[in-house]
Peer 1: 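Supplied in structure tokens, the structure appears directly below.
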Amino acid sequence: MARHLITSAIPYINGVKHLGNLVGSQLPADLYARYLRGRGHEVLFLCATDEHGTPAELAAAKAGQDVAEYCAEMHEVQARLAEGFRLSFDHFGRSSSPQNHALTQHFAGRLYDEGLITEVSETQMYSKADGRFLPDRYIEGTCPNCGFDSARGDQCDNCTKQLDPVDLIDPHSTISGSKDLEMRETKHLYLRQSTMKDQLDGWISAKSDWPVLTTSIAKKWLHDGDGLQDRGITRDLDWGIPVKRGSEDWPGMEGKVFYVWFDAPIEYVACAQEWVDAGKGSDWERWWRTDKGADDVTYTQFMGKDNVPFHTLSFPATILGSGEPWKLVDYIKSFNYLNYEGGQFSTSRGRGVFMDQALEILPADYWRWWLLSHAPESSDAEFTWENFQVSVNKDLADVLGNFVSRVTKFCRSKFGETVPEGGTYGPTEEALIADLNQKLAAYQTHMEAMDVRKSAQELRAIWVAGNEYLQSAAPWAAFKEDPDRAAAIVRLSLNLIRVYAIISAPFIPDACDTLKSAFGIEDAAWPDDMSDALAVLPAGTEFTVPENLFRKITEDEVADWSARFSGQRN
RNA sequence: GCCUCGGUAGCUCAGCGGUUAGAGUUGACCGCUCAUAACGGUUAGGUCGCAGGUUCGAAUCCUGCCCGAGGCACCA
């Protein structure tokens, strides 16, 4: 039994996430967490909402709410959706928690003591009407290069030229529309991660088993241009963690807050404290402090490729730079993007399916299965309704659902709702068991390697093996000549359903719960040897024939949903 | 412009130096009739983006080009 700390990239508080966000971090993290728990390991699986920053302030203002209020509400919304998708977080925290405030300030103090923080004076665009400094992308004006009239302060969307806000002709705030802007001097803290370049480079270079996606992004940031650059870790905002060194004030930094990308990853640590403070655990340091028991913890992070630089460089710089024995990540599993019907999912345009809408249409298992079996591991992947329909109908309804249905209903009609006795196992059963042992081993290997798609494929192959067995054993034919033989076949098949309920649970937990309750399964121990595992339900065990596990998606629904989610979320 | 990843059967993908290039799905055919018109079997289908090169041998390595996606740092 090993100890595994698992975190999923924390979703931004600004609205409901779409399926692309879900499959890029939370869902595969949940798959892995459920699998490891199923194998009997000790797991701490954490996630949270990322709540600070300008977009949150603006979203709150748009909703006519106070930021704190808005975030509290949206946190609840996201927490409910996470439950809806059966994401089995041990705790779903908030980056705005008091624990994270204290810890972020603590890290900043440590980094300062280690000489890793410098103060930099710079000028930024200030809007008097908005009463705030504006991030570059919230300033628009005419592009000096191509004349496009809605160029943003960071880049012109028309000619793609990189811009500085002061370059814009006739700039205005996109928040208020005000043109009363001026450059003002402001002072910020920078994390001197450039001084840690070699250390980080050596660490990344040693990770030859990480996904190429992870290491290639990290190395690009390390080696491109002038190499790893220092990063500003503070902002002139109201909503955030006040800049302090530990519990002491930071002279000259009054009224400023830490930048979200500094405090967000620290929330992984703070979240463990929240977990304890919520009464769900007793000792968070044995997960996070190598001097207090965390040295035997394996820490795995899951994220989309956009989050990789912060997890491979900035956060490790924070951890290492503190000079304290914090647990460093052992493996970073990163994902590409999921596209929607030939284009991108778009939060702003409402294109694609969002978590709340998905659950209104179909139960979580359908989505979990499709998303995980098509996870964007080696390249960007594509969601189409047609593919979704075909995969779900075939894999879940036909291959797995119908197997359960044909076995349980046959048993009910011939032997009643009780595992039948009589008969013995022969060569057909031995061949099946040998095949299943081999497939189970392959499934476990893939799961342990976090090869999500391959795991799904192998699991499906295990389901198929059940149908192949039934076809060759043909209990419906055997029953006419030798009812005992049919009883043996059915007994084995019913036991196979029990095994399915256990090993499929990481992918489709609800359907597996349905099966477990239909068979009154209490011993859900992961199968070790199939021969033993298929003898756990003895003759005489009562069960109830479950409702069909999965329904089919119809052509009409596909047509309806394609039209409904093509854009303009209502 | 620069960088990264990808371009393999109608579709979704695997293979990433070595026997006739694989799987699922789709299509065709056969079988079964326990089951959600489900299941099992057989079979069709590919000049592995294009052009060169290295090699006894390349989908697999190198170069160039074409196409797609993403990044190029203070945007979460």
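Lettering follows sequence order; numbering is per chain, from 1.
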Peer 1: May I have the distance from Ile233(A) (atom CD1) to A73(B) (atom P), rounded to whole angstrom?
Peer 2: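 So the CD1-P distance, Ile233(A) to A73(B), works out to 20 Å.
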
Peer 1: If I pick the P atom on U60(B) and the same atom on U55(B), what distance separates them, to the nearest angstrom?
Peer 2: 16 Å

Peer 1: Roughly how many Å is it from CE in Met74(A) to C1' in A76(B), rounded to a whole number?
Peer 2: 15 Å

Peer 1: Check whether NZ of the Lys or CZ of the Arg Arg184(A) lies under 6.0 Å from the centre of the six-membered ring of Tyr126(A) and within 45 degrees of that ring's axis.
Peer 2: yes

Peer 1: What verdict does the ring-ring contact (aromatic ring centres under 6.0 Å, His included) test give for His311(A) and Tyr268(A), after you've listed the backbone C-alpha separation in whole Å, the side-chain angles of each residue and the deciding distance to 0.1 Å?
Peer 2: CA-CA 11 Å; His311(A) 289 80; Tyr268(A) 292 142; 5.6 Å; yes

Peer 1: Could you give the CG-to-C1' distance, from Asn339(A) to A69(B), as a whole number of Å?
Peer 2: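 Asn339(A) atom CG is separated from A69(B) atom C1' by 7 Å.
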
Peer 1: Touch check for Gly401(A), heavy atoms < 4.0 angstrom, all strands: base, sugar-phosphate only, or nothing?
Peer 2: base

Peer 1: Map every base of RNA chain B to its dot-bracket character, where paired means a Watson-Crick or G-U wobble contact with both distances under 3.5 Å and | marks a partner outside the strand.
Peer 2: ((((((((.[[[[.)..(...]]]]((((((.......))))))....[[[[[..)....]]]]])))))))....

Peer 1: With sugar-phosphate meaning primed atoms plus P, OP1 and OP2, does Asn307(A) contact a base, only sugar-phosphate, or nothing at under 4.0 Å between heavy atoms?
Peer 2: nothing

Peer 1: Ignoring backbone atoms, establish whether Lys454(A) has a side-chain N or O less than 4.0 Å from OP1 or OP2 of C13(B).
Peer 2: no

Peer 1: Considering only the P atoms, how many Å lie between A44(B) and G57(B), rounded to the nearest integer?
Peer 2: 31 Å

Peer 1: Measure up the Phe479(A) and Phe410(A) rings against each other and bin them: parallel (under 30°), tilted (30 to 60°), perpendicular (over 60°).
Peer 2: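 Taking Phe410(A) first and then Phe479(A), their aromatic rings stand perpendicular (interplane angle over 60°).
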
Peer 1: Closest to the Trp261(A) side chain: A76(B), G15(B), A38(B)?
Peer 2: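 Minimum distance to the Trp261(A) side chain belongs to A76(B).
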
Peer 1: Is the NZ or CZ atom of Lys439(A) both under 6.0 Å from the centre of the six-membered ring of Tyr443(A) and within 45° of that ring's axis?
Peer 2: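 No, cation not above the ring by the 6.0 Å, 45° rule.
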
Peer 1: How close or far is atom C1' of A76(B) from atom OH of Tyr337(A), stated in whole angstroms?
Peer 2: 11 Å

Peer 1: Taking CG from Asp230(A) and C1' from A73(B), how many angstroms apart are they, rounded to a whole number?
Peer 2: 12 Å

Peer 1: Taking the P atom in each of C16(B) and C32(B), what is the distance between them to the nearest angstrom?
Peer 2: 41 Å

Peer 1: Verify whether one side chain among Thr384(A) and Asn387(A) offers a donor that lies under 3.5 Å from an acceptor in the other.
Peer 2: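 Not at all, the side chains of Thr384(A) and Asn387(A) share no donor-acceptor pair under 3.5 Å.
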
Peer 1: Within the pair Tyr259(A) and A76(B), is there a side-chain N or O less than 4.0 Å away from OP1 or OP2?
Peer 2: yes

Peer 1: Looking only at the side chains, is there a donor atom on one of Trp385(A) and Tyr340(A) sitting less than 3.5 Å from an acceptor on the other?
Peer 2: yes

Peer 1: Take Trp370(A) and Phe383(A) through the ring-ring contact (aromatic ring centres under 6.0 Å, His included) test and state the conclusion after the steps.
Peer 2: CA-CA 9 Å; Trp370(A) 190 89; Phe383(A) 175 91; 5.0 Å; yes

Peer 1: If you check every side-chain atom of Arg460(A), which of U36(B), G24(B), A76(B) has the closest atom?
Peer 2: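 It is G24(B).
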
Peer 1: If you check every side-chain atom of Lys394(A), which of C13(B), U26(B), U36(B) has the closest atom?
Peer 2: U26(B)

Peer 1: What is the distance, rounded to the nearest whole Å, between atom NZ of Lys305(A) and atom C1' of C3(B)?
Peer 2: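 Result: 13 Å.
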
Peer 1: Measure the distance from NZ on Lys219(A) to P on C3(B) and round it to the nearest whole Å.
Peer 2: 18 Å

Peer 1: Could you tell me the separation between the CE atom of Met355(A) and the CG atom of Asn21(A), rounded to the nearest 0.5 Å?
Peer 2: 8.5 Å

Peer 1: Which pairs, protein N/O on one side and nucleotides 4-12 of chain B N/O on the other, fall under 3.5 Å?
Peer 2:
residue: U12(B); atom: O4'; partner: Asn387(A); partner atom: ND2; Å: 3.2

Peer 1: If I pick the C1' atom on C62(B) and the same atom on U54(B), what distance separates them, to the nearest angstrom?
Peer 2: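 It works out to 7 Å between them.
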
Peer 1: So Asn548(A), base contact, sugar-phosphate only, or nothing? Heavy-atom distance under 4.0 Å.
Peer 2: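 Contact class for Asn548(A): base.
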
Peer 1: Please tell me which of Leu396(A) and Pro55(A) maps to the more 5' nucleotide of RNA chain B, matching each residue to the nucleotide holding its nearest heavy atom.
Peer 2: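 On the 5' side of the pair lies Leu396(A).
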
Peer 1: Assign Phe403(A) to base, sugar-phosphate, or nothing according to its heavy-atom contacts below 4.0 angstrom with the strands shown.
Peer 2: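 No contact.
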
Peer 1: Any non-hydrogen side-chain atom of Phe258(A) less than 4.5 Å from a side-chain atom of Ile266(A)?
Peer 2: no

Peer 1: For nucleotides C2(B) and C11(B), find the distance between their C1' atoms and express it as a whole number of Å.
Peer 2: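 Between the two C1' atoms, the distance is 35 Å.
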
Peer 1: Taking all atoms of both residues into account, what is the closest heavy-atom pair of Asp236(A) and Gln124(A), and its distance?
Peer 2: OD2-OE1, 4.4 Å

Peer 1: Can you tell me, in whole Å, how much space there is between the C1' of G45(B) and that of A21(B)?
Peer 2: 13 Å

Peer 1: Using the ring-ring contact (aromatic ring centres under 6.0 Å, His included) rule, take Tyr500(A) and Phe403(A) through it: C-alpha gap first, then chi angles, then the decisive distance, then the call.
Peer 2: CA-CA 11 Å; Tyr500(A) 288 167; Phe403(A) 176 78; 5.6 Å; yes

Peer 1: Looking at Asn402(A) and A35(B), is any side-chain donor or acceptor paired with a base atom of the opposite kind under 3.5 Å?
Peer 2: yes

Peer 1: Assign each of Arg231(A) and Glu468(A) to its nearest nucleotide of RNA chain B by heavy atoms, then name whichever residue's nucleotide is nearer the 5' end.
Peer 2: Glu468(A)

Peer 1: What does Val490(A) touch in the nucleic acid at a heavy-atom separation under 4.0 angstrom: a base, only the sugar-phosphate, or nothing?
Peer 2: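 No contact.
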
Peer 1: Find the distance Asn467(A):CG to G24(B):P and express it as a whole number of Å.
Peer 2: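 The answer, rounded to whole Å, is 14 Å.
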
Peer 1: What interatomic distance, in whole Å, is found between C1' of G22(B) and the corresponding atom of C48(B)?
Peer 2: 12 Å

Peer 1: Does a donor on one side chain and an acceptor on the other come within less than 3.5 Å for Trp369(A) and Ser391(A)?
Peer 2: no

Peer 1: Suppose you measure atom C1' in G71(B) against the same atom in C75(B); what distance do you get, rounded to whole Å?
Peer 2: 12 Å

Peer 1: Under 5.5 Å between ring centres and under 30° between planes: does that hold for Trp476(A) against the base of C34(B)?
Peer 2: yes

